[in-house]
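Accompanying notes for the structure given below.
In this chain, numbering begins with 1 at the start of the sequence shown.
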Amino acid sequence: MIKHIFSGLFLFFALNSFYAQVPTATIGIPTLTYCSGKSYTFSCITSNTPTTFSWTVLPSSQASIVTGGDTQNPTIVFNKGTAFTLSLQVSNSFSSSSTSQTLLVSQNATASFNASLNTVGFPNQLILTNYSSNNTGVEWVYSDGPSDFMTNTVKDYTASGNYTVSLIASGLNGCNDTSSYAFRIADSSGITLPNVFTPNNDSVNDVFRPIARGILTMNAWIYSRYGTLIYHWDKPKGYWDGRTSSGEPCQTGVYFCVLEATGFDGRTYKLKTNFTLQR
């Protein structure tokens with residue numbers, strides 16, 4: 001009888017001693033809400049000095065353990081809005097144990113838009129077209145005034161300067177995204193004529209093109225050194241590629257440009273210059 005009592009006590013203390021050495025861990029979560037496409041660093045509270053850590057996340061095809069999959073503090077990116085199971089196994093020389101957490105991840109919004117000025121100079125309008133996805137709403141934030149919350153909108157500008165517009169696409173549970181666009185509205189018009197160009201199809205200085213800003217109308221005529229009209233264009237973005245109107249390449253030499261233009265600020269231009277075509 002006494003022998004059995006001692007055997008039972010020995011087993012009891014042996015088991016207590018064993019379990020006193022079994023490592024345990026509790027997963028520490030960095031936040032209460034998670035968004036797809038963002039990284040989160042997790043932690044764990046341990047006992048009995050585990051020597052190895054092994055983290056897994058399921059479904060594994062929709063998440064990535066970026067760093068620290070075998071440490072106490074892994075960094076994880078969730079690629080999709082869904083439910084994930086995060087598991088941790090810790091071990092030491094005595095044994096191992098496991099724990100897990102279920103995490104609900106919301107799909108992050110994606111902010112995307114197109115911005116285009118409808119003219120040059122000022123006054124002007126910026127046309128904003130929203131292409132965001134996975135969002136519940138949008139907010140347009142302007143560097144020079146109050147926000148607005150229209151899906152697509154138009155912003156008026158009455159002065160020159162540097163401006164920025166940002167689009168905040170709102171997602172579920174604060175999973176938002178922001179995209180920005182910086183631009184300048186010119187304060188004056190101007191034209192500079194090049195003095196040489198090289199139409200040799202190397203994609204460098206292949207056309208004779210006026211350097212223009214804030215130009216509303218433009219007419220330009222290209223003449224040979226003998227006064228023969230070779231080419232003409234009537235648009236602000238026009239240029240000469242070194243060929244005649246019939247498509248024949250012109251020879252190396254000196255040519256003349258006569259240009260008339262009007263800027264958005266009412267300034268008029270009448271320019272004449274000679275330049276060199278080099279092949």
Kindly determine whether Leu58 and Phe84 satisfy side chain to side chain contact (heavy atoms under 4.5 Å, CB included), including the steps that lead there.
-> CA-CA 5 Å; Leu58 298 174; Phe84 290 87; over 6 Å; no

Start with the C-alpha gap between Trp140 and Phe113, add the side-chain angles, then the distance that decides, and say whether side chain to side chain contact (heavy atoms under 4.5 Å, CB included) holds.
-> CA-CA 10 Å; Trp140 300 96; Phe113 68 96; 3.7 Å; yes

Go through the steps for Ile168 and Val138 under the test side chain to side chain contact (heavy atoms under 4.5 Å, CB included), then give the verdict.
-> CA-CA 6 Å; Ile168 301 173; Val138 297; over 6 Å; no

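Taken to the nearest 0.5 Å, the CD1 atom of Ile230 stands 13.5 Å off from the CZ atom of Arg243. In this structure, CG in Asn135 is found 11.5 Å from CD in Gln107, a value given to the nearest 0.5 Å. Note that CG of Leu193 and CZ of Phe275 are 9.0 Å apart. Values are rounded to the nearest 0.5 Å.
Nearest heavy atom pair, residue Gly242 against residue Arg279, reads O-NH2, 3.0 Å. Here the shortest heavy-atom pairing between Arg209 and Tyr239 reads NH1-CD2, 3.4 Å. Across all non-hydrogen atoms, the minimal contact from Phe94 to Asn92 is N-OD1, 2.9 Å. Shortest non-hydrogen contact noted between Ala261 and Ile191 is CB-CD1, 3.5 Å. A pairwise comparison of heavy atoms in Thr75 and Ser39 identifies CG2-CB, 3.9 Å as the closest pair. Counting all heavy atoms, side chain and backbone alike, Ala169 lies closest to Ala109 at O-CB, 3.5 Å.
Here the two rings, on Tyr231 and Trp221, have centers that are 6.0 Å apart or farther.
For the pair Asn108 (side chain) and Cys35 (backbone), a donor-acceptor distance under 3.5 Å is absent. Between the Asn173 side chain and the Cys175 main chain, no donor and acceptor come within less than 3.5 Å of each other. With Asn176 contributing its side chain and Gly171 its backbone, the two residues share a donor-acceptor pair below 3.5 Å. Not a single donor-acceptor pair under 3.5 Å links the side chain of Asn73 to the backbone N or O of Gly68.
Checked options Val77, Leu86, Thr85; the residue passing with Val57 is Leu86 (criterion: side chain to side chain contact (heavy atoms under 4.5 Å, CB included)). Screening Tyr223, Phe197, Trp240 against Tyr255 for a ring-ring contact (aromatic ring centres under 6.0 Å, His included) leaves a single residue, Trp240. If you run side chain to side chain contact (heavy atoms under 4.5 Å, CB included) between Gln101 and each of Thr26, Leu88, Ile27, only Ile27 comes through.
With 3.5 Å as the limit, one finds a donor-acceptor pair spanning the side chains of Gln125 and Asp156. In this model, no donor atom of one side chain and acceptor atom of the other lie less than 3.5 Å apart for Gln89 and Ser54. For the residue pair Ser87 / Ser100, no side-chain donor-acceptor distance below 3.5 Å is found, with atom types taken as modelled. Side-chain contact, Tyr269 with Ser189: a donor N or O sits under 3.5 Å from an acceptor N or O. Defined by atom type and a distance below 3.5 Å, a donor-acceptor pair is missing between the side-chain atoms of Asn124 and Thr119. Checking Asp148 against Tyr142 by side-chain atom types alone, a donor-acceptor pair falls below 3.5 Å. Side-chain atoms of Ser132 and Asn130 form a donor-acceptor pair, as typed in the model, at a separation below 3.5 Å. Judged purely by distance below 3.5 Å, without hydrogens or angles, the side chains of Thr268 and Thr262 never pair a donor atom with an acceptor atom.
Pairs engaging residues 166-195 under the ring pair (Phe, Tyr, Trp, His ring centres under 6.0 Å) rule: Tyr157-Phe183, Tyr163-Phe183, Tyr181-Phe183 [sequence neighbours left out].
Classification of the Phe78-Tyr40 ring pair by plane angle, with boundaries at 30° and 60°, yields tilted.
Taking hydrophobic clusters as Ile, Leu, Val, Met, Phe, Trp and Tyr residues chained together by side-chain heavy-atom distances below 4.5 Å, Leu167 shares a cluster with Leu117.
Lys155 has a carboxylate O that lies under 4.0 Å from a charged side-chain N of Asp144, or vice versa, which qualifies the two as a salt bridge.
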